[in-house]
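The next block holds one structure in the form of structure tokens; read it before the comments.
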Amino acid sequence: MNLLNQGEPNRDASYVLYWAQMNRRVASNHGLAYAAELANEHRLPLLYYEGLTCDYPKANRRLHTFILEGVPDTARELARLGIGYTFYLRRKRSDANNVFYRLAEKAAAVVTDDYPVFIAREFNKRVPAKLKVPYYTVDSSCIVPMNLFEKREYAAYTIRPKINRWLPEFLEPAPKPKVKVRWSGPGPGPHTEVTADNIAKLVSECEVDQSVPPSLSYRGGAGEAQRHFKHFLEHSLRRYARERNEPSKHATSSLSPYLHFGHINALDVALGAREYAAEHKLVADEFLEELIVRRELAFNHALFSDKPAALESVPGWAQEDLRRHASDPRPEVYTREEFERAETGDDLWNATQKELLLRGKIHGYYRMYWGKKIIEWSATAEEALETMVDLHDRYALDGRDPNTYTNILWCFGLHDRPWFERPIFGKIRYMARSGMERKTDTAAYLKEIAYMEQTGVDPFRLK
DNA sequence: ATCGGCTCGCGCAA
DNA sequence: TGCGCGAAGCCGAT
């Protein structure tokens, strides 16, 4: 927990305010639980505010739909716990309502999410000074709070022992938000009522890019997140270590969209996987390594980098290699539009891009190939990076996340080691189509993507 | 099928 | 100061 301003509690306050910026969930939310504690101290009720605006960069139908799908779950849970809920959908850019500031004026204190990238990073810098009341941020994203680390870690092997030392202390269920003064009735307006039936209509009324359709595969919400998690435990965890890099086997958790929007807490995923593994005599080590060590390494990278998504944040040797090879001839070069439309000369690469377009995420292993080839086929490294970030911002349900930026920069050498010298890449790890063929069943993947493209149905969508 | 070399730098042991 | 080893590989030799 961090207090980010000199605010004094408001004596005439009507509630304590929790502002869900990134962790859009009720269960297992350390920030919300802390807000409930403050509310109890002030003998006030607790109000949960969540907004969705149309004017953040590249806002679109896909992202809006996913976020709105989470709202009914949130409303139900909050009502059960006696916590007030104001959700506001700002449909038009001309809408002058600034609901957060209006609600904050009547709050004894504000609690929100500590988050190291995108809008929350900027808001948490700018907003506290504008408020008269205390403004707290709580890290409800990481298992080991990212602020406990003192510096940017060099690689997984440097952060791993530190995480392992802290884990026994932090791998405990989050406290529940138990309020003493229950909220009765609706939250203070303006409030937008969201039901499963009106989501499509609400989104169509928003001034956002309507050309990006909702994901074929993932619907938002805490309930959906739990369903995916349960399916993963029962059908995939035991295969994870062996088959996680084989996309056609579907052995990964598919939780990244839910982790990104906070519909599920990584802490609960870790606890649940550990418990399931113990009960069923399975080994969850490989999954926990990715969920905890690599995910938290990404948050560490974002927190301690001035620009988490810039080439200046990759190691010196890699930057130097990119510079040295900047004028190497590129045998193939594609424009951003050709990448976007999946129109390169490589059908496997095109399939990965189609997976992004249709599902809203790319399988983790193939995404590395996707990124490496964009580097190889772009005029400059800077342009390659821009293409990757832009395509994720618009199409990925797990974009705009510390993991996204870290996975993209990994393609440029971040958290990786040098390998042998070659054109364009220098000593940055290269990936070849032949390697994909050798190690994975590319034919099965191509078939699966082609089926989705032709039918508009994801055969692996959770029923 | 499997193995070693490629190459940098962190962090711990000495 | 030396040394082991690292987030997902490639390539050529055996």
Side-chain angles (χ1 to χ4, degrees), chain A residues 149-165 236 239-253 256 259 266 284-302 304-305 308 311 313-325 328 331 346 348-349 352 355 361-376 388 398 401-442 445:
Chain A
F149 296 89
E150 286 169 3
K151 58 169 187 166
R152 208 162 89 111
E153 295 290 339
Y154 186 74
Y157 74 91
T158 65
I159 201 173
R160 190 178 295 114
K162 297 175 188 176
I163 287 176
N164 286 336
R165 268 201 302 277
S236 309
R239 300 184 289 123
Y240 185 82
R242 186 185 286 271
E243 297 178 351
R244 69 188 144 161
N245 285 348
E246 177 53 84
S248 62
K249 296 283 190 188
H250 296 270
T252 56
S253 73
S256 59
L259 287 166
D285 293 0
E286 291 82 358
F287 177 66
L288 294 173
E289 162 77 14
E290 302 223 9
L291 177 74
I292 304 175
V293 174
R294 298 185 198 176
R295 181 168 179 273
E296 311 229 335
L297 178 60
F299 277 82
N300 171 276
H301 161 78
F304 289 98
S305 300
L311 289 180
S313 302
V314 307
W317 63 265
Q319 288 186 52
E320 200 177 303
D321 281 8
L322 290 171
R323 269 197 299 276
R324 254 186 320 112
H325 290 273
D328 286 7
D346 174 358
L348 182 64
W349 189 92
T352 63
E355 186 179 18
K361 74 185 200 60
I362 309 176
H363 184 278
Y365 188 60
Y366 276 16
R367 183 164 68 173
M368 294 188 271
Y369 179 70
W370 175 87
K372 293 289 187 186
K373 288 297 161 187
I374 292 178
I375 296 175
E376 191 177 338
M388 288 189 223
D398 56 5
D401 189 280
N403 282 282
T404 315
Y405 301 132
T406 304
N407 287 329
I408 288 174
L409 288 187
W410 177 86
C411 297
F412 294 88
L414 178 67
H415 299 155
D416 203 9
R417 57 193 281 202
W419 299 88
F420 66 104
E421 184 75 29
R422 66 157 55 233
I424 303 174
F425 286 84
K427 292 179 292 297
I428 296 169
R429 186 193 301 257
Y430 171 75
M431 287 176 84
R433 169 80 186 247
S434 57
M436 299 291 110
E437 302 288 353
R438 196 171 62 246
K439 293 174 194 164
T440 69
D441 188 350
T442 56
Y445 181 77

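These numbers come from a predicted model, not from an experiment. Labels below follow one simple rule: chain letters A, B, ... track the order of the sequence lines, proteins then strands, and each chain is numbered from 1.
- Residue contacts for A:E289: at a heavy-atom cut-off of 4.0 Å it reaches no nucleic acid atom on any strand shown.
- DNA chain C forms stems at B:1-6 with C:9-14, B:8-13 with C:1-6, each a run of 3 or more consecutive Watson-Crick or G-U wobble pairs whose two key distances fall under 3.5 Å.
- A:Y365 places a side-chain heavy atom less than 4.5 Å from the side chain of A:M436.
- OP1 or OP2 of C:dC10 lies within a sub-4.0 Å distance of a side-chain N or O belonging to A:R438.
- In the set C:dA8, B:dC8, C:dC10, C:dC10 carries the atom at the smallest distance from any side-chain atom of A:F420.
- Using a 4.5 Å cut-off on side-chain heavy atoms (C-beta onward), A:I374 and A:W349 make contact.
- Listed in residue order, the members of residues 157-165 of chain A having a heavy atom less than 4.0 Å from DNA chain C are A:Y157, A:R160.
- For the 3.5 Å distance criterion, the side chains of A:S313 and A:Y405 fail to qualify, holding no donor opposite an acceptor.
- Between B:dG9 and C:dG9, the distance separating the two P atoms is 22 Å to the nearest Å.
- Regarding contacts with the backbone of C:dG9, every side-chain N or O of A:K372 stays at 4.0 angstrom or more from both OP1 and OP2.
- For A:W419, the side-chain atoms get nearest to C:dG9 when compared with the rest of C:dG9, C:dA7, C:dC11.
- Among the atoms of the strands shown, only primed sugar atoms or phosphate atoms (P, OP1, OP2) are found under 4.0 Å from some heavy atom of A:M431.
- We find that CZ of A:R417 is positioned 12 Å from P of B:dT7, with the value rounded to whole Å.
- Contacts between residues 402-414 of chain A and DNA chain B, defined by a heavy-atom separation below 4.0 Å, involve no residue at all.
- Contact annotation for A:R244: no contact, since no heavy-atom pair falls under 4.0 Å across all strands.
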